[in-house]
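Notes for the one structure printed next.
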Amino acid sequence: MRPTPQTELELLGRARDLAGLSLGELALQADIVTPPDLKRDKGWVGQLLEWHLGATAGSRPIPDFVELGIELKTIPIGYNGKPLETTFVCVAPLIGLQGLSWENSHIRHKLAKVLWIPVEGERDIPLADRHVGSPLLWSPSADEEQRLRRDWEELMDMIVLGHVEQITARHGEILQLRPKAANSKALTEAYGANGQPIKTLPRGFYLKTHFTAELLERYFIL
DNA sequence: AGTTGATCATCT
DNA sequence: AGATGATCAACT
């Protein structure tokens, strides 16, 4: 892995240097084998970019660039220039919610500063031939944070009231709650409708594609 | 079992 | 075509 960037500017510069290159070239430089597809290597693109940018976190629950407080997110882009997938942010807490507020929530800290790196994601482009786009260093605007907060509070209210299993991905304007698990047998504890503990699928917060599309679009217009 | 990285497969 | 619910792998 390359050395960790010491400043925001250094990180951004390095990310800009990757723009226009293909994943095949980047894999060659990193001495990493390109898999045939992402079926069994869903996190491969993210890990390849982590290597090139010198991210330090690995699979630990801390920011990718701890010293800079920056989170790295790659985002697959279609031929129309829009995201092909929602973006996973973090796991949603389902128990021990006393005193939890938006201000001290895990998700607010995760989204405080994000380096977005668009990558061609259409499945008919061979993985090695997909190109990296221009990076965007983003922090939520006041309006964006308000929308995130509204969604988060709505979803957390339902969880606290024991309605987690009534939540679908349609709830929330820009933030959604969906299963995030190895498989349907990996269960975790949550509140039931009568306050009793139940076992349910772990959930994650995801950003809806129309929202991430907005972000990237705003950038390309500037 | 939980974290990280997400995409896959299917339904509407 | 796009969104939803389900799933994969590595690592702690």
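So that the names make sense, note that chain A is the first sequence line, chain B the second, and so on, each numbered from 1.
Contacts of residues 123-139 of chain A with DNA chain C (heavy atom under 4.0 Å): none.
A salt bridge is defined here as a Lys NZ or Arg NE, NH1 or NH2 lying under 4.0 Å from an Asp or Glu carboxylate O, and Arg147(A) with Asp151(A) fails to meet this definition. By the 4.0 Å N-to-carboxylate-O rule, Arg149(A) lies close enough to Glu103(A) to be salt-bridged with it. With salt bridges taken as basic N to acidic carboxylate O contacts below 4.0 Å, none links Glu85(A) and Lys42(A).
As a whole-Å value, the separation of Leu49(A) CG from dG5(B) P is 12 Å. Rounded to an integer number of Å, the gap from OH of Tyr79(A) to P of dA1(C) is 13 Å. Spacing between atom NE2 of His210(A) and atom P of dA3(C) amounts to 8 Å, rounded to whole angstrom units. With rounding to whole Å, Leu115(A) atom CG is found 15 Å from dG5(B) atom C1'. In this structure, CG of Asp41(A) is placed 11 Å from C1' of dA6(B), rounded to the nearest angstrom. Protein atom NE2 of His106(A) is 10 Å distant from nucleotide atom C1' of dT4(B), rounded to whole Å. Rounded to an integer number of Å, the gap from CD1 of Ile75(A) to C1' of dG5(B) is 14 Å. Across the protein-nucleic acid pair, Asp37(A) atom CG and dA9(B) atom P stand 9 Å apart, rounded to whole Å.
Within the 4.0 angstrom heavy-atom criterion, no nucleotide atom of any strand lies near Leu84(A). Backbone-only contact: Gly46(A) has heavy atoms under 4.0 Å from sugar-phosphate atoms and none from a base. In this structure, Val91(A) reaches the sugar-phosphate backbone alone: every heavy-atom distance under 4.0 Å involves primed, P, OP1 or OP2 atoms, never a base.
Between Thr74(A) and dA6(B) there is a side-chain N or O to OP1 or OP2 distance below 4.0 Å. At dT4(B), none of the side-chain N or O atoms of Lys73(A) fall inside 4.0 Å of OP1 or OP2 (strictly under the cut-off).
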So which protein nitrogen or oxygen atoms get under 3.5 Å of nucleotides 4-7 of chain C's nitrogens or oxygens?
from   : atom 1 : to        : atom 2 : distance (Å)
dT4(C) : OP2    : Gln176(A) : NE2    : 3.0
dG5(C) : OP1    : Arg170(A) : NH2    : 3.2
dG5(C) : OP2    : Ala169(A) : N      : 2.9
dG5(C) : N7     : Arg178(A) : NE     : 2.8
dG5(C) : O6     : Arg178(A) : NH2    : 3.0
dA6(C) : N6     : Arg178(A) : NH2    : 3.3
dT7(C) : OP2    : Ser184(A) : N      : 3.1
dT7(C) : OP2    : Ser184(A) : OG     : 3.4
dT7(C) : O2     : Lys42(A)  : NZ     : 2.9
dT7(C) : O4     : Ala181(A) : N      : 3.4

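If Pro202(A) and Lys39(A) are placed on DNA chain B by their nearest nucleotide, the residue sitting closer to the 5' end is Pro202(A).
Between Thr209(A) and the options Thr87(A), Thr86(A), Ile75(A), Ile174(A), a side-chain contact (heavy atoms from CB on, under 4.5 Å) holds for only Thr86(A). Tested against Leu115(A), the residues Thr74(A), Leu136(A), Ile70(A) include a single side-chain contact (heavy atoms from CB on, under 4.5 Å) partner, Ile70(A).
Hydrophobic clustering (ILVMFWY, side-chain heavy atoms < 4.5 Å, transitive): Met156(A) and Ile95(A) are in one cluster.
A pairwise comparison of heavy atoms in Gly121(A) and Arg130(A) identifies O-NH1, 3.8 Å as the closest pair.
With sequence neighbours excluded, the residues forming a side chain to side chain donor-acceptor pair (under 3.5 Å) with Glu145(A) are Trp102(A), listed by chain and number.
You'll find the side chain of Ile167(A) reaches within 4.5 Å of the side chain of Ile159(A), heavy atoms only.
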